[in-house]
Amino acid sequence: MTTSGKLFRASALALWAAAVLGWAQEPQARIKIDIDRAIGEVDPHVFGNFAEHLGRMIYGGIYEEGSPLSDKDGYRTDVLEAVKGLHVSILRWPGGNFSSGYNWKDGIGPKDQRPARAELAWGGVESNRFGTDEFLRYCERLGTEPYICINAGLGTIDEARNWVEYCNETRHTYWADQRRKNGHDQPYGVKYWGLGNEIDGPWQLGHKSAEDYGKFALEAAKAMRLSDPSIKLVASGSSNYGADWIAWNRAVLSALKDVADYISLHTYIGNRDNNLEKFLGESQKIDRYIETTASLIKQVQSSQREPRPIYIAYDEWNVWYRARGEQGLEEIYNFEDALAMSMFLNSFLRHADVVKMANLAQMVNVIAPIVTNKDGLFLQPIYFPLVEYQKQRGNVALDVRVSAPRYTIEKRPPLAYLDVSCTYNRKDRSLFLNVLNRSKDRDLLTRVENQEGRLAAAAEVWEMNHADLKATHTFGDDRKVRPETRPLAAKVENNRFNYTFPAHSLTILRMRVQ
């Protein structure tokens with residue numbers, strides 16, 4: 001063998017040994033965890049959902065009278081079980097745009113006596129066979145908190161006040177007795193109420209200026225709280241980011257600072273350019289919307305001697321761009337959309353001190369993780385990150401230090417390929433490290449370090465990865481884009497270890513601090 005051949009062989013062996021032993025190269029990225037750097041508690045309501053009277057979300061989705069898959073009350077039992085798998089903490093209803101033309105009184109009493117109405121937000125006819133009682137009984141079956149959005153478009157303050165009375169009044173009043181007559185003796189105790197939906201948008205029925213909305217919402221809040229002082233109220237924040245959304249939110253917060261408990265934000269994203277890294281870089285916008293609104297809250301509160309807490313309810317969020325022009329809005333989600341779920345959720349966790357509610361829009365069929373037909377259902381790829389992240393409810397979100405290769409989208413500031421959040425369960429001393437590698441084709445060897453306490457040697461890896469970014473599911477074939485779980489193979493030494501986060505992947509490392 002020649003000298004050059006021997007050198008080549010020795011070099012190859014050295015590289016092989018280095019790869020096996022983790023010495024091949026210095027880490028390209030670093031994540032530093034410190035359990036003392038708490039951001040805030042992850043509110044369970046961050047893992048909420050949304051059910052609007054739109055397309056097949058309600059009828060043919062969660063509710064299908066006469067179907068062999070439904071129970072005697074019309075609820076689809078297969079859907080109920082799939083939704084239970086999501087562990088939905090709070091469910092927003094009836095809209096959405098639908099709410100701005102909805103009269104809740106049309107949806108109570110004997111079903112065959114309820115009026116059918118032209119539905120002006122999305123088109124079609126609303127049968128009103130699924131109304132307040134059907135929704136609240138569904139929430140009872142799910143074990144989820146109901147969240148009702150009032151009609152602040154074409155509706156009145158009196159309608160809103162009476163709705164609260166119907167749901168929550170304990171005494172024998174007119175509307176409470178109507179509830180009893182309709183089969184529910186005890187009050188439902190609906191705690192969360194939205195003061196309208198996207199009222200800043202010109203597309204909204206009853207669209208108002210910030211000043212007019214502030215006046216209406218303030219008086220509605222007063223009347224609703226006189227019916228039940230314990231309720232929590234969500235102000236309608238701006239969703240019209242093409243306009244002066246900051247001015248709207250500032251004006252609404254100024255008008256409602258003494259009555260609102262939350263202000264809403266809505267964001268939908270898409271990959272129209274077929275550019276994965278740009279698509280997964282939308283977290284910059286999400287972070288900006290949250291941080292700007294949080295600053296507005298502080299600005300408004302600065303004039304108050306004893307400011308009351310106001311939080312952000314991100315009560316509509318999702319990927320939505322393919323089915324925009326279709327009445328049913330039945331988006332078929334792929335693997336890269338599943339990665340986008342983590343981008344939203346990581347942002348919510350990094351802002352756990354102010355984001356105290358979030359509602360994926362929506363739950364079944366309409367831009368949803370669950371799709372049905374008359375014979376059954378299938379789970380879309382976006383279903384699985386939602387299930388895994390919700391296990392972190394009640395944990396403390398941590399401010400982790402992340403150093404990783406960066407890239408630039410258009411004229412925005414550079415951002416790291418690794419999008420990271422981390423939470424800590426103080427009771428069982430478990431850590432959840434959520435890492436999205438946004439790079440389309442670059443694996444990133446990363447040093448993970450722990451600052452306080454000692455990392456246990458054993459850990460668990462949950463990973464979503466797939467060679468085909470566009471892989472989808474369908475009926476009878478919804479198992480190809482699913483997560484894998486395995487023990488952590490890396491060796492933990494000196495409170496740290498190296499781990500390679502694969503290109504275009506979502507990884508959740510579950511560790512324990514001793």
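Counting from 1, the numbers follow the sequence of the chain as shown.
- The aromatic rings of Y75 and F130 sit perpendicular, their planes meeting at an angle over 60°, well past the 30° parallel limit.
- In summary, the side chains of Q392 and N434 do present a donor paired with an acceptor at a separation below 3.5 Å, with no hydrogens or angles considered.
- Checking Q204 against S100 by side-chain atom types alone, a donor-acceptor pair falls below 3.5 Å.
- The side chain to side chain contact (heavy atoms under 4.5 Å, CB included) search around S347 returns I286, D287, I290, R350, H351, not counting sequence neighbours.
- Qualifying side chain to side chain contact (heavy atoms under 4.5 Å, CB included) partners for A503, counting only residues two or more places apart in sequence or in other chains: D443.
- Applying the salt bridge (Lys or Arg N to Asp or Glu O under 4.0 Å) rule to pairs touching residues 57-69 yields E64-R76, E65-K111, E65-R129, sequence neighbours excluded.
- With sequence neighbours excluded, the residues forming a salt bridge (charged side-chain N to carboxylate O under 4.0 Å, His left out) with D428 are R510, listed by chain and number.
- Every residue two or more places apart in sequence or in another chain that forms a salt bridge (charged side-chain N to carboxylate O under 4.0 Å, His left out) with R486 is listed here: E463.
- Between F344 and F348, the two ring planes are tilted [angle within 30° to 60°].
- For A368, there are no side chain to side chain contact (heavy atoms under 4.5 Å, CB included) partners two or more places apart in sequence or in a different chain.
- For T77, the side chain to side chain contact (heavy atoms under 4.5 Å, CB included) partners are D71, not counting sequence neighbours.
- Within the structure, every pair that satisfies the salt bridge (Lys or Arg N to Asp or Glu O under 4.0 Å) test and touches residues 381-392, not counting sequence neighbours, is listed here: E388-K391.
- Here D399 pairs with R37 under the salt bridge (charged side-chain N to carboxylate O under 4.0 Å, His left out) rule; sequence neighbours left out.
- Applying the salt bridge (charged side-chain N to carboxylate O under 4.0 Å, His left out) rule to R225 yields the partners D261; only residues at least two apart in sequence or on another chain are considered.
- Between K470 and D337 no salt bridge is recorded (no basic side-chain N to carboxylate O distance below 4.0 Å).
- Salt bridge D106/R114: absent, no basic N to carboxylate O contact under 4.0 Å.
- Applying the ring pair (Phe, Tyr, Trp, His ring centres under 6.0 Å) test to pairs two or more places apart or on separate chains, those with a residue in residues 362-399 are F378-F475.
- In terms of the side chain to side chain donor-acceptor pair (under 3.5 Å) criterion, Y241 has no residue partners (sequence neighbours excluded).
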